[in-house]
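Just below is one structure, and these are the notes that go with it.
If you read the sequence from its start, that first residue is 1, and numbering goes on from there.
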Amino acid sequence: MYGISPAQAEEIPKAPGHRLVSHYDGSPATAVPLPGEQPPQHPYLAPNGRSGMHSDAAGSATSPWSGPLGRNPQVTSEKIAALGGECATATFDSGGRLVTVCGTFSGFKVKLLDPRTLATLAEHQLPQRSSTVEAITSLDFAKIFKDTSGGAYFYLDNQDRAVLADSRQHVLRLSHSQDPDGSWKFTVDDDWDLTGQVPHDCVSWTNLWPSGTCDPVTSVMPDWDGLIWWVTRQGRVGTVDPRTARIRSVRLAGEEIQNSFSVAEDGVSIVTDHALYSFRASADGTPEAQWRQTYDRGTGTKPGSVNQGSGTTPDLFGDGYVAITDNADDRMNVLVYKRGADVPAGERLVCKVPVFGSGASTTDNSLITWGNSIVVENNYGYENPTTLVLGKSVVGGVSRIDVRADGSGCDTVWQSGIRSPSTVPKLSTANGLLYFYEKEPNAWGIDAWYLTAVDFRTGERRWRRLTGTGPLYDNNWAPITLGPDGTAYIGVFNGIVAVRDTG
């Protein structure tokens, strides 16, 4: 816990070739708001669009305000660490400041950033993850890139507090405040220890050869009653009652959870590498499954997937629907289910829509949902920042699918060839633009990364702006986040990038 004096942000270095590629393509868009209603506002989360990686409790990946329209967009960046430093989830407090968690080799850091300059106002050091120690000792850095634990998934609550699970299997609730001298600081308000129910014999510099089990906590989210739910990589699902500190959990034996999860008044939706679940808490807080739906998990992990299963956080949308993707071998499918607890098992599936090309389809990012529409991107072929160096890219692809108004099935509305290797894309419902993080093949070996705006209605690329060149600008699974002032933020391997209109 400490505050620091704000300093000028240090720009992320660009690789050679920056001047040899286009800096801007297309033309500015005109805002055309989308009709429809925002997802229900969760009573224990910050306002929709401000609270977490997937924007809201429903996981819609939408923003109620406009992102940049492409009017002379300018780029700023902040380098967080000498190596690494990616700021994945970005949230916004009631004053518009960024609250984010940035990953470094010394451990994750909770940071408070100035939204315009990206200068660090305060930070709180979190413990180093076991996967980092294993990667350093084995020189196998893939271990880091397939680890979704340690605080990357966190949320901002309705009192501007960051809630996360650290690598010690503790759930923390942190507030930030400004001292009389103007400096900012983080304070740990609550610390709930899960190790009584979660195996925690984890690799560390003082425990390089553990004999027991380590089960990292992947994500946390509150339910509509204020219980804080948590999930672990090895299939544990639990709750913390912040009023009493009571902790309860169950285990889904033989199943993994590597995604976050979504919440509505009717329950908590969690996807494992085997099945989609809806949970509620019993009177004492113990998670109880309302229903379970298996899906085609394929026969192995595809390049572009963290494990053998769905790569999506469930999306809750429309008239009681929940959507995920599967991991079918030939072509991944978008799956839409009715989520009511009383729906007969044989009537739960609304549609199963294959997407992208044969033998080259997977996603490890959340879908976008608005109204009855779903947008999905193809991550097939992306593994980590070394995958796309020297001008390489992925096969790519983006599709929009709509559930029919009568619920009788789904139809593909458009398909696009946009290559967005690994970002969590976003939709601005205030301007009708989808935002992707694009990288195309380059015969000269230049790795050019672009913030790209696509028309939600037609799938047409409207404009794109170069953010930087080289692997330090690879977003490596981090999302695009639209700030309340219209800025688009992208977590990248070496820190964070901001793109905003100036015209």
Side-chain angles (χ1 to χ4, degrees), residues 61 142 145-146 256 258-259 271-276 293-315 322-337 349-369 373-384 386-404 408-425 434 436-443 452 454 456 458-461 476-477:
F145 302 123
K146 290 187 178 293
E256 284 190 359
Q258 62 94 3
N259 300 296
V271 67
T272 74
D273 62 345
H274 284 73
L276 172 65
Q293 178 70 53
T294 58
Y295 61 85
D296 186 349
R297 65 190 297 262
T299 57
T301 302
K302 298 178 183 178
S305 300
V306 172
N307 67 358
Q308 185 188 335
S310 175
T312 51
T313 294
D315 273 55
V322 55
I324 61 170
T325 61
D326 64 15
N327 190 51
D329 285 340
D330 184 51
R331 294 178 72 191
M332 175 182 73
N333 297 280
V334 172
L335 306 173
V336 178
Y337 300 101
L349 181 67
V350 176
C351 65
K352 178 179 180 179
V353 182
V355 288
F356 312 126
S358 175
S361 65
T362 191
T363 191
D364 216 274
N365 283 308
S366 175
L367 304 167
I368 294 173
T369 47
S373 298
I374 304 161
V375 177
V376 57
E377 76 174 22
N378 189 8
N379 302 138
Y380 188 89
Y382 182 88
E383 296 279 9
N384 58 59
T386 67
T387 308
L388 303 185
V389 296
L390 301 177
K392 295 191 289 290
S393 188
V394 293
V395 63
V398 177
S399 290
R400 174 181 155 188
I401 296 161
D402 283 10
V403 181
R404 295 172 195 152
S408 63
C410 303
D411 300 295
T412 300
V413 177
W414 52 254
Q415 300 177 73
S416 165
I418 293 290
R419 301 174 195 251
S420 183
S422 71
T423 200
V424 181
L434 296 155
F436 296 92
Y437 199 51
E438 186 181 13
K439 183 179 190 290
E440 293 193 322
N442 185 283
T452 295
V454 170
F456 172 80
T458 67
E460 174 193 4
R461 182 203 284 142
N476 188 47
W477 304 116

Using the rule given for side-chain contact (heavy atoms from CB on, under 4.5 Å), can you reason through I418 versus L434, listing the C-alpha separation, both sets of side-chain angles and the distance that settles it, and then say yes or no?
CA-CA 11 Å; I418 293 290; L434 296 155; over 6 Å; no
Could you tell me if [Y] and [X] have a donor-acceptor pair between their side chains, going purely by distance under 3.5 Å?
| X | Y | value |
| --- | --- | --- |
| T362 | N379 | no |
| T363 | T325 | no |
| T301 | N307 | no |

Out of curiosity, [X] [atom1] to [Y] [atom2], how far, rounded to the nearest 0.5 Å?
| X | Y | atom1 | atom2 | answer |
| --- | --- | --- | --- | --- |
| Q258 | S305 | CD | OG | 8.0 Å |
| E256 | T272 | CD | OG1 | 9.0 Å |
| I368 | E377 | CD1 | CD | 8.0 Å |
| M332 | D296 | CE | CG | 12.0 Å |
| S422 | N378 | OG | CG | 12.0 Å |
| N327 | S310 | CG | OG | 8.0 Å |

Against Y382, only a single residue in T387, D364, N476 fulfils side chain to side chain donor-acceptor pair (under 3.5 Å); can you say which?
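Exactly one option meets the side chain to side chain donor-acceptor pair (under 3.5 Å) with Y382, and it is N476.
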Could you walk me through whether C410 and V336 pass the side-chain contact (heavy atoms from CB on, under 4.5 Å) test, one step at a time?
CA-CA 9 Å; C410 303; V336 178; 4.2 Å; yes
Specify the closest pair of heavy atoms between [X] and [Y], including all atoms of both residues, with the distance to one decimal.
| X | Y | value |
| --- | --- | --- |
| K439 | S393 | O-OG, 2.6 Å |
| R419 | P441 | NE-CD, 3.6 Å |
| S373 | F456 | CB-CZ, 3.6 Å |
| F356 | A360 | CB-O, 4.1 Å |
| V394 | G381 | CG1-C, 4.0 Å |
| V322 | P314 | CG2-CB, 3.8 Å |

Quick one: does any side-chain atom of N333 pair with a main-chain N or O of D326 as donor and acceptor, under 3.5 Å?
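Not confirmed, N333 side chain does not pair with D326 backbone.
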Has K302 got a side-chain atom pairing as donor or acceptor with A328's backbone, closer than 3.5 angstrom?
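Yes, K302 side chain to A328 backbone: donor-acceptor pair under 3.5 Å.
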Taking the side chain as everything from C-beta on, heavy atoms only, tell me whether V454 gets closer than 4.5 Å to V375.
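Heavy-atom side-chain distance check fails, nothing below 4.5 Å.
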Looking at side-chain heavy atoms only, is the closest gap between V376 and L367 below 4.5 Å?
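Yes, side chains in contact.
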Side chain to side chain donor-acceptor pair (under 3.5 Å) partners for R461, two or more places apart
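Partners of R461 by the side chain to side chain donor-acceptor pair (under 3.5 Å) criterion, ordered by chain and then number, come out as E438, E440.
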For W414 and V398, what are the C-alpha separation, side-chain angles and deciding distance, and is it a side-chain contact (heavy atoms from CB on, under 4.5 Å)?
CA-CA 8 Å; W414 52 254; V398 177; 3.8 Å; yes
Start with the C-alpha distance between S366 and T312, add both sets of side-chain angles, then the distance that settles side-chain contact (heavy atoms from CB on, under 4.5 Å), and finish with yes or no.
CA-CA 5 Å; S366 175; T312 51; 5.8 Å; no
